[in-house]
Amino acid sequence: METDSRQMQDFRPFGQPARRRARDRAARLIVGRGQLLQHVEAELTARADLLGPAPEGPSLRIGLLLPPPPGTTGLDPSARLAALHGGLQGDEDQRHFPDESFAHITALMTLHGVNDLPGALLLCRRALKPGGRFQAVFPAGFSAGLVRDAFLDADIAAGGGVPPRLGPTVDPAEAAGLLQRAGFQEPVAEVETLTLRYRTLADFARDARAHGDSGWLAARARGLTTPRRWALAEAAFAAHAGADGRVPVEVQLLHLSGRAAPTASG
């Protein structure tokens, strides 16, 4: 586990200051665009009922684009979101709470932007009381494939090389192993595939910004999307529109769950 964490610390694909700023902006932009988050929150609640009871004690919500349930401690990389919902500002792969602080920890659509995911999972497990329950959901796998393809086609057509635009995602096949190495018992990793429909690539981009999910790839160069490249990408994206004029964009959501050992360990 310590070896995995050190390797992840050396590989830092995401710029955390840029990510914090993106989530600061999302605090305003998400208004009226929270349907996906509301679906995810409802799905987490339904899955929690299937996992059985957690021990008595406080809960932690990581990710505050939606307000946490009353009485729940909140954590978010964004200072604005943390202040808005009375939570703590901080990155998920940094230690903020003593061991065995919470009976239930939920991470809502944030862990895909963490540089040290094994370390973040380990900290979540350590922050759980014995027998405590952990749940997380975030985009993973080959999400938004048509968007990736549209930009790739545009970059090839425009010439001058293909710049990095999208960061790495978690392979769902490896996710249960990450939970096990973090010390979770009863590890479960499942993929939920949703199809979102957009009229234009610009609509998708606005949705991504509203969720705080744009502009924080560390290797991303400034000014890489010229008007010509954007027009080419829009055309490539629109070529996949259905009869209703909308383009189907598949998003893979990775659901993780696990429990801390009944007695304190590690």
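These numbers were taken from a predicted model, which means no experiment stands behind them.
Under the 3.5 Å distance criterion, the side-chain polar atoms of N115 are matched with a main-chain donor or acceptor of F14. Not a single donor-acceptor pair under 3.5 Å links the side chain of D213 to the backbone N or O of A208. No donor-acceptor pair closer than 3.5 Å links the side chain of Q180 to the backbone N or O of A175. At distances below 3.5 Å, not a single donor-acceptor pair connects side-chain atoms of H255 with backbone N or O atoms of E43. Without hydrogens or angle criteria, D116 side chain to G119 main chain gives a donor-acceptor distance under 3.5 Å. At least one donor-acceptor pair closer than 3.5 Å links the side chain of R148 to the backbone N or O of S143. One N or O on the side chain of E234 and one on the backbone of L201 form a donor-acceptor pair closer than 3.5 Å.
In this structure, the separation between CG on D153 and CG on L146 is 10.0 Å, given to the nearest 0.5 Å. How far CG of L128 is from CZ of R259: 10.0 Å, rounded to the nearest 0.5 Å. Note that OG1 of T195 is 14.0 Å distant from CZ of R246, once rounded to the nearest 0.5 Å. Atom CD of Q94 and atom CG of L123 lie 8.0 Å apart (nearest 0.5 Å).
Taking 4.5 Å as the limit, every side-chain heavy atom of L88 sits out of range of all side-chain heavy atoms of T73. Considering only heavy atoms from C-beta on, L122 stays 4.5 Å or farther from R181 through its side chain. Under the 4.5 Å side-chain criterion, counting only non-hydrogen atoms from C-beta, T110 is in contact with R23. With a 4.5 Å cut-off on side-chain heavy atoms, L179 and F134 count as touching. A heavy-atom distance below 4.5 Å is not found between the side chains of V40 and L37. A 4.5 Å side-chain heavy-atom check between D93 and L117 finds every atom pair outside the cut-off. Side-chain contact between V251 and L253 is present, with at least one heavy-atom pair separated by less than 4.5 Å. Side chains of D244 and R197 form a contact here, defined as non-hydrogen atoms less than 4.5 Å apart.
Less than 6.0 angstrom separates the ring centroid of F151 from the ring centroid of W230.
Looking at residues two or more places apart in sequence or on another chain, you find a ring-ring contact (aromatic ring centres under 6.0 Å, His included) between F102 and F97.
Residues L108 and L81 share a hydrophobic cluster, clusters being chains of Ile/Leu/Val/Met/Phe/Trp/Tyr side chains in contact below 4.5 Å. The cluster map of Ile, Leu, Val, Met, Phe, Trp and Tyr, joined by side-chain heavy atoms under 4.5 Å apart, puts V147 and L194 in the same cluster. L178 and L256 fall within a single hydrophobic cluster, where Ile, Leu, Val, Met, Phe, Trp and Tyr side chains are chained together by heavy-atom contacts under 4.5 Å. A continuous path of hydrophobic side-chain contacts links L36 to V247 [ILVMFWY only; heavy atoms under 4.5 Å]. A continuous path of ILVMFWY side-chain contacts below 4.5 Å connects L196 to F237, so both sit in one hydrophobic cluster.
Between V249 and A144 the shortest heavy-atom distance is CG1-CA, 3.7 Å. The minimum heavy-atom distance between A48 and R133, with the atom names listed, is O-NH1, 3.6 Å. Residues A182 and R125 come closest through the heavy atom pair O-NE, 2.9 Å. Residues A103 and A54 approach most closely at O-CB, 3.7 Å, considering heavy atoms. L232 and A157 make their closest contact through CD1-CB, 4.0 Å (heavy atoms, listed as atom of the first residue, atom of the second, distance). Nearest heavy-atom pair across S214 and R209 is OG-CG, 3.1 Å.
Salt-bridge annotation for R61 and E41: present, with a side-chain N of the basic residue lying under 4.0 Å from a carboxylate O of the acidic one. Between D99 and R95, at least one side-chain nitrogen of the basic residue sits less than 4.0 Å from a carboxylate oxygen of the acidic one, meeting the salt-bridge criterion. Salt bridge present: D203 and R206 bring a charged side-chain N and a carboxylate O closer than 4.0 Å. Using a cutoff of 4.0 Å between basic side-chain nitrogens and carboxylate oxygens, R19 and E92 are scored as salt-bridged.
The closest side-chain donor-acceptor pair between H96 and Q89, if any, does not fall under 3.5 angstrom. Checking D76 against H85 by side-chain atom types alone, no donor-acceptor pair falls below 3.5 Å.
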* Give the C-alpha distance, both sets of side-chain angles, the deciding distance and a yes or no for side chain to side chain contact (heavy atoms under 4.5 Å, CB included) between L75 and L60. => CA-CA 8 Å; L75 175 71; L60 171 66; 4.2 Å; yes
* Intermediate values then yes/no, side chain to side chain contact (heavy atoms under 4.5 Å, CB included), I62 and C124 -> CA-CA 10 Å; I62 303 172; C124 286; 3.9 Å; yes
List the atom pairs, donor and acceptor, that lie under 3.5 Å between side-chain atoms in residues 135-142 and the rest of the protein, sequence neighbours left out.
from: Q135; atom 1: OE1; to: H104; atom 2: NE2; distance (Å): 3.2
from: Q135; atom 1: NE2; to: L44; atom 2: O; distance (Å): 3.1

Side-chain donor/acceptor pairs under 3.5 Å, residues 184-191, sequence neighbours excluded:
from: E190; atom 1: OE1; to: R47; atom 2: NH1; distance (Å): 2.5

